[in-house]
J.: 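Please read through the structure below; I'll follow up with questions.
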Amino acid sequence: MRRWLPELIALPLLPWLIIQGRRTRRITPRLPEAMGPTIGQAQIPTGIGPEPQQRPLALLTIGESPVAGVGVATHYEAITGQFAAALSLRLQRTVTWQAVGQNGATLSDALKTMLPQVASQQVDIVLIAFGVNDTTAFRSCNRYRAELLQLMRALQSHLAPRLIVISGIPPIHAFPALPEPLRYVLGLKAKALDETVEQLIFNLPADLNHMRVTRVPMLIDINDHALMASDGFHPSASGVSLWARQLATAVAAHLKSIKKSKAAQKSVSKQG
């Protein structure tokens with residue numbers, strides 16, 4: 001019942017929600033995608049200390065408008081560049097990155113048009129950042145789960161990442177650009193989709209049990225207007241920086257646990 005709660009609440013409000021949605025699209029400023037290259041490299045800042053002799057960590061991000069860089073000037077300020085920089089600082093390691101983003105994209109678009117743009121390669125970390133457009137399109141939880149599974153399987157066969165990171169959906173319930181009750185209803189829908197992802201990761205299908213997957217909630221105080229772009233719908237460079245640090249903290253901890261787990265397995269096998 002909980003997963004259908006947004007639809008049940010939206011149904012009697014539907015005419016009003018449609019009017020609000022159309023008006024919001026009409027009056028909200030349309031910001032461009034980020035300029036510049038969609039590939040780059042983040043290195044340890046000079047003076048931090050010598051970098052251990054390790055190969056660069058490869059990061060690929062695939063997602064909607066924040067990955068496309070809407071709300072910031074360049075991809076170095078967008079989530080891919082800032083996540084790579086924060087991760088490089090935490091791990092004391094060079095991170096190479098590639099952003100595959102599309103404004104207005106859904107999980108369905110990722111499968112049909114976005115992933116085919118990526119050459120088969122070995123990457124270490126893939127960040128999946130969708131949800132806002134699936135929320136506004138009122139995708140069912142079952143469809144969202146099915147398409148996310150398809151994307152995860154495609155990423156595994158195409159890129160074989162060491163870790164897949166799924167970002168939580170931004171706090172739509174507090175977006176300044178959205179009026180009430182539209183904001184409230186979309187917030188409920190986003191929460192339902194986020195919970196679907198949590199349940200999926202907790203109970204991965206048997207063919208994906210070997211995959212390392214983690215979900216990182218997006219915790220941004222929307223009441224701090226400095227964290228939002230001028231359209232009230234996308235994060236600013238400061239907001240992206242906070243999000244990037246949250247991702248880097250979670251991923252660094254996860255990679256550390258993977259390393260400890262492998263060390264423990266080696267120790268047990270030696271004793272055996």
Side-chain angles (χ1 to χ4, degrees), residues 42 57-69 71-72 77-91 93 95 97-101 105 107 110 123-135 141 144-145 147-149 151-152 155-156 159 161-175 187 190-204 208 211-222 224 227-228 234-261:
L57 202 67
L59 166 69
L60 180 131
T61 63
I62 182 167
E64 52 194 354
S65 52
V67 178
V72 299
E77 292 180 291
I79 187 57
T80 312
Q82 294 217 48
F83 178 27
L87 201 54
S88 175
L89 189 59
R90 284 199 166 270
L91 300 178
R93 186 172 176 181
V95 178
W97 54 264
Q98 178 182 0
V100 182
L107 279 173
V123 301
D124 296 292
I125 300 168
V126 173
L127 171 66
I128 299 174
F130 289 94
V132 171
N133 295 301
D134 288 279
T135 296
C141 291
Y144 195 72
R145 180 184 186 277
E147 291 181 342
L148 182 56
L149 271 174
L151 179 58
M152 289 165 65
L155 287 168
Q156 184 60 33
L159 304 172
R162 287 171 55 198
L163 176 64
I164 291 179
V165 183
I166 304 173
S167 175
I169 300 174
I172 298 177
H173 66 278
F175 278 7
K191 184 179 179 182
L193 295 183
D194 258 341
E195 288 175 351
T196 297
V197 175
E198 280 190 273
Q199 293 163 6
L200 171 60
I201 293 175
F202 188 73
N203 293 296
L204 283 174
L208 296 180
M211 290 179 64
R212 302 276 186 175
V213 186
T214 187
R215 175 184 167 274
V216 181
M218 188 175 178
L219 305 174
I220 291 182
D221 181 10
I222 300 300
D224 184 350
L227 301 180
M228 294 297 291
H234 293 94
S236 64
S238 297
V240 172
S241 177
L242 177 58
W243 179 22
R245 294 196 301 273
Q246 291 169 357
L247 287 168
T249 298
V251 169
H254 203 83
L255 291 177
K256 189 175 180 180
S257 71
I258 291 174
K259 193 173 181 180
K260 283 184 178 180
S261 176

J.: Output yes when a side-chain donor or acceptor of Asp194 lies under 3.5 Å from a complementary backbone atom of Gly168, and no otherwise.
T.: no
J.: Nearest 0.5 angstrom please: Ile201 CD1 to Ile166 CD1, how far?
T.: 4.0 Å
J.: How close do Met218 and Pro171 get, counting heavy atoms only, and between which atoms?
T.: O-CD, 4.4 Å
J.: Ignoring hydrogens, what is the shortest heavy-atom contact between Ala86 and Ala244? Give both atom names and the distance.
T.: CB-O, 4.0 Å
J.: Which one of Val251, Leu60, Ile164, Thr61 satisfies the side-chain contact (heavy atoms from CB on, under 4.5 Å) criterion with Ile125?
T.: Val251
J.: Who are the salt bridge (Lys or Arg N to Asp or Glu O under 4.0 Å) partners of Glu77, not counting sequence neighbours?
T.: none
J.: Could I get the full list of side-chain contact (heavy atoms from CB on, under 4.5 Å) partners for Arg90, not counting sequence neighbours?
T.: Ala248, Thr249, Ala252
J.: What pair of heavy atoms forms the shortest contact from Ile62 to Ala110, and how long is it?
T.: CD1-CB, 4.2 Å
J.: Do the side chain of Ser241 and the main chain of Ala237 share a donor and acceptor less than 3.5 angstrom apart?
T.: no
J.: Return the set of residues passing ring pair (Phe, Tyr, Trp, His ring centres under 6.0 Å) with Trp97 (not counting sequence neighbours), or none when no residue passes.
T.: Tyr76
J.: Does the Gln156 side chain pair with the main chain of Met211, one donor and one acceptor, at a distance under 3.5 Å?
T.: no
J.: Can you give me the closest heavy-atom contact between Leu57 and Leu255, atom names plus distance?
T.: CD2-CD1, 4.4 Å
J.: Applying side-chain contact (heavy atoms from CB on, under 4.5 Å), name anything that partners Pro235, two or more places apart in sequence or on another chain.
T.: Val240
J.: Checking Ser238 now: which residues fulfil side-chain contact (heavy atoms from CB on, under 4.5 Å) with it, not counting sequence neighbours?
T.: Leu227, Ser236
J.: Could you report the tightest heavy-atom contact between Pro161 and Leu155, atom names first, then the distance?
T.: CD-O, 3.6 Å
J.: Which residues satisfy the salt bridge (Lys or Arg N to Asp or Glu O under 4.0 Å) test with Asp124, sequence neighbours excluded?
T.: Arg55, Arg162
J.: Take Tyr144 and Val197 through the side chain to side chain contact (heavy atoms under 4.5 Å, CB included) test and state the conclusion after the steps.
T.: CA-CA 9 Å; Tyr144 195 72; Val197 175; 3.7 Å; yes
J.: Just verifying a value: how many Å separate Leu242 CG and Gln82 CD, rounded to the nearest 0.5 Å?
T.: 10.0 Å
J.: Locate the shortest heavy-atom distance separating Asn203 from Arg145; write the atom from each residue and the value.
T.: O-NH2, 4.3 Å
